[in-house]
2 protein chains.
Amino acid sequence: MSTSDATGATALGRALRPRTKLLPEHARGHNRSLVLQTLFREGARSRADLARDTGLTRVTVSDLVAELIADGYVVELGQREDPRPGKPATLLDIARDAHQIIGVDLSQHDSFRGAVLSLDGEVVHRREVPLDGATGDDALAKATALTRELVGLAAVPVLGIGVGSPGIVDPAGRVQSAPNLGWAGVDLQGALAAATDLPVVVANDANVAALAEHSFGGASSDVMLVKIGHGVGAGLVIGGIALHGSRWAAGEIGHVVVGTDGGPECVCGKRGCLETWLAAPRLDAALDAAADDAARSEVLAQAGRRLGIALAPVVGALDLAEIVLSAPAHLLDGPLPAATLETLRSRTMAEFHDHVALRGSGLGEDIVLRGSAALVLAGRLGVS
Amino acid sequence: MSTSDATGATALGRALRPRTKLLPEHARGHNRSLVLQTLFREGARSRADLARDTGLTRVTVSDLVAELIADGYVVELGQREDPRPGKPATLLDIARDAHQIIGVDLSQHDSFRGAVLSLDGEVVHRREVPLDGATGDDALAKATALTRELVGLAAVPVLGIGVGSPGIVDPAGRVQSAPNLGWAGVDLQGALAAATDLPVVVANDANVAALAEHSFGGASSDVMLVKIGHGVGAGLVIGGIALHGSRWAAGEIGHVVVGTDGGPECVCGKRGCLETWLAAPRLDAALDAAADDAARSEVLAQAGRRLGIALAPVVGALDLAEIVLSAPAHLLDGPLPAATLETLRSRTMAEFHDHVALRGSGLGEDIVLRGSAALVLAGRLGVS
DNA sequence: CTTTGTTCGTACGCTTTACTAACAAACATG
DNA sequence: CATGTTTGTTAGTAAAGCGTACGAACAAAG
């Protein structure tokens with residue numbers, strides 16, 4: 001039979017169920033993305049290079065490239081300088097200046113942030129509006145106004161608008177639940193699309209941050225991003241695919257109880273939630289209350305250990321390769337990450353998990369903004 | 001552009017990176033599996049029914065069905081009895097008697113088990129060989145002999161051989177590490193393929209069990225199976241896809257430390273590993289030592305609570321919908337599952353996770369055998 | 001300066017795939 | 001019996017990618 005090779009080399013990983021029909025045109029879209037992706041990640045190359053990289057023939061690559069050039073996503077750079085035998089190659093690259101992306105970060109406690117970004121995820125313009133305690137429709141109006149202003153700032157056509165929102169966001173971009181903003185069932189994607197007449201993608205802030213690490217932070221294909229801010233959330237990329245969970249609540253680990261020895265009381269009513277140990281306001285308060293450097297150091301180490309306790313079962317269950325922490329810099333500079341890693345190792349099987357890497361994010365405060373750009377790139381171009 | 005709809009309805013879930021080229025013939029394989037899958041899960045139907053179910057046209061379905069009939073995977077059952085207007089439909093079904101599957105379960109502590117199964121995953125013949133402490137090449141020889149015997153028992157052509165092995169199994173079917181069997185880097189799949197000249201698929205026992213629940217146990221597309229036996233392992237199916245982890249060690253939660261209050265010493269050197277609370281031998285010993293029913297009940301409740309503690313972060317991070325326990329019946333009859341669920345709920349956010357279902361597996365001792373069949377069905381026919 | 005070999009990009013024809021349109025067969029219903 | 005409905009098949013068509021072949025452009029060697 002033709003579905004599988006005769007040796008049965010298919011393993012668990014391919015145990016996926018086809019749910020929808022797959023047409024040749026879908027295959028073309030896939031290959032188109034493949035070409036674009038190669039160009040995006042590997043940089044300028046020739047058609048022949050792309051053919052070698054993708055496994056497609058030169059003919060097919062030429063055809064796809066012609067389409068991409070016609071659509072304005074790819075440009076010819078001219079001949080390659082490098083003197084080699086044979087006809088000189090014509091270098092191609094993504095038309096990095098032909099489009100820009102709008103990124104919006106609604107995850108800050110007291111303000112909405114947004115930016116115009118290049119296709120490479122570099123911030124070109126930046127805007128921030130204070131939230132002033134706005135919730136519900138007021139907050140939605142502020143987000144809409146910010147987005148419109150950013151669209152006006154773009155110098156070239158906007159490829160799309162990416163938004164990282166707190167709370168539970170369903171695949172249609174509706175914010176099902178974001179208590180801090182007083183949102184429940186708010187069709188944020190629809191509202192922004194109507195206001196701007198542009199493609200909009202909305203996703204949870206931590207998930208978006210994970211995508212940023214995957215696209216721009218050099219993270220592997222199995223990474224968990226833990227985002228410490230006013231609350232604690234996480235985003236997961238498994239096998240290069242962002243996880244969304246059965247109810248689109250994947251990564252909501254802030255109110256998981258850590259340890260079996262009680263802990264501080266949480267707003268949710270439980271004791272010892274991860275947020276009570278790790279949320280930035282709580283940590284800052286504890287740091288302020290600490291008597292000296294040693295005490296401050298212990299506060300951070302304790303937080304790190306708690307995070308390690310919470311992550312150990314996840315690392316074990318998922319066999320994660322990489323964990324990235326995103327938090328205000330002063331929280332990551334101290335002993336927190338080391339304590340997390342140490343705890344993680346002491347609580348999992350060294351044989352399997354001593355290769356786990358844990359590091360702070362290099363993307364800083366722009367992680368959600370850049371992740372929003374990655375979201376648009378993924379949704380519109382299939383690039384990630 | 002054509003890669004995505006103009007409204008940007010693509011969300012996080014589609015943020016996947018194309019890595020390999022996709023040819024029209026791959027699309028055909030996909031659609032072929034789609035037809036086969038519909039037939040497999042929904043039962044006998046006509047070509048026109050299949051066209052409606054899959055979204056393909058009647059013409060295309062006819063073409064695919066003709067190919068499947070020629071290959072012996074589908075048969076015509078005759079005309080539908082149900083009197084309806086129009087030309088009577090010709091019912092089709094999977095050729096359920098045309099092939100059988102060999103399933104092998106190497107996860108028992110003291111024996112290797114195997115079976116000849118129907119395509120529906122029903123056990124037709126069963127064989128078991130005592131392990132007698134065999135390890136290394138001896139164990140491999142026993143597994144090979146068992147498999148060969150089973151192939152001889154099959155009355156019809158064998159679709160393939162599925163194997164659930166303890167330890168770390170890579171995608172090529174090599175057992176990278178199975179301490180109990182003394183295996184390290186053993187090419188089990190290659191050895192069995194060479195011995196039988198049939199397609200072989202090998203995977204971790206708990207992962208195979210998870211697949212069994214997904215295919216035959218009615219589990220949803222986001223399920224975690226926890227397998228309690230001589231050790232404790234887990235298998236995860238996320239979004240209908242089996243998870244394998246960055247080093248093919250997904251689900252290895254047996255040696256994750258549970259709680260922050262110490263615990264029994266483990267063979268791995270740590271204290272309080274999940275296995276020390278939950279492994280069947282440990283639990284049986286504790287039950288034997290218990291003074292009365294109340295004490296025995298508390299032993300099981302304690303084990304359940306520990307499992308809940310370990311699972312809470314995983315449920316939170318993955319937003320799991322369903323957890324299935326596979327264990328000797330006498331361990332699941334008592335208060336263990338209820339204690340796990342209760343602990344899980346008290347340690348996660350009710351708002352998100354009160355819908356989590358936890359239940360014992362209905363597949364009993366054959367779970368790995370039937371999962372092996374599912375593995376073959378998935379690998380060979382794209383059915384799962 | 002010429003020859004040789006290499007590489008690049010493209011033109012042409014072919015195969016595969018799934019679609020639309022049309023139709024005959026077979027049945028229920030009025 | 002006429003009519004409408006459903007089924008499955010037979011054309012013919014459009015899209016996608018491949019293999020082959022070819023001209024163009026260059027480096028290296030004689």
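All values below were derived from every heavy atom in this structure, side-chain atoms included, with hydrogens, water molecules and symmetry-related copies excluded. Within every chain, numbering begins at 1; the chains are lettered A, B, ... in the order of the sequence lines, protein sequences first and strands thereafter.
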| request: Would you mind telling me which of A:R47, A:R58, A:R45, A:R41 makes a salt bridge (charged side-chain N to carboxylate O under 4.0 Å, His left out) with A:D53? | output: A:R45
With [X] via side-chain hydrogen bond (donor to acceptor under 3.5 Å, both in side chains) - residues at least two apart:
X	value
B:E213	B:R359, B:S361
B:D49	B:S46, B:R52, B:R80
A:T60	A:T57
A:D97	none

| query | Do B:D319 side-chain atoms and A:S246 backbone N/O form a donor-acceptor pair below 3.5 Å? | reply | yes
| request: Note the angle between the end axes of the helix from C:dC1-D:dG30 to C:dG30-D:dC1, five pairs defining each, rounded to 10 degrees. | output: 10°
| remark: Protein-proximity profile, nucleotides 18-27 of chain C, B/S/- by nucleotide at the 4.0 Å heavy-atom cutoff, equals SBBB---BBB
| Heavy atom of residues 42-51 of chain A under 4.0 Å from DNA chain D: which residues? | none
Any residue meeting side-chain contact (heavy atoms from CB on, under 4.5 Å) with [X], in chain and number order, not counting sequence neighbours:
X	value
A:A44	A:L77, A:D93
A:Q79	A:P88
A:E25	A:L23

| field | Carboxylate-amine/guanidinium contact A:R247 B:D222, below 4.0 Å | value |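 Salt bridge: no.
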| task | Could you note down all residue pairs passing ring pair (Phe, Tyr, Trp, His ring centres under 6.0 Å) where residues 83-103 of chain A supplies at least one of them, sequence neighbours left out? | result |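 Residue pairs passing ring pair (Phe, Tyr, Trp, His ring centres under 6.0 Å), neighbours aside: A:Y73-A:H99.
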| query | Which pair of heavy atoms, one from B:F40 and one from B:V383, lies closest together, and at what distance? | reply |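 What the structure gives for the nearest pair is CD2-CG1, 3.2 Å.
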| request: Scan A:R80 against the nucleic acid and name what it touches under 4.0 Å (heavy atoms): base, sugar-phosphate only, or nothing. | output: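 Nothing: the residue A:R80, judged by heavy atoms under 4.0 Å, touches no strand.
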| message | With a strict under 4.0 Å distance from non-hydrogen atoms of chain A, what nucleotide opens and what nucleotide closes the contacted stretch of DNA chain D, reading 5' to 3'? | response |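 The contact span of chain A on DNA chain D goes from D:dA16 to D:dA27.
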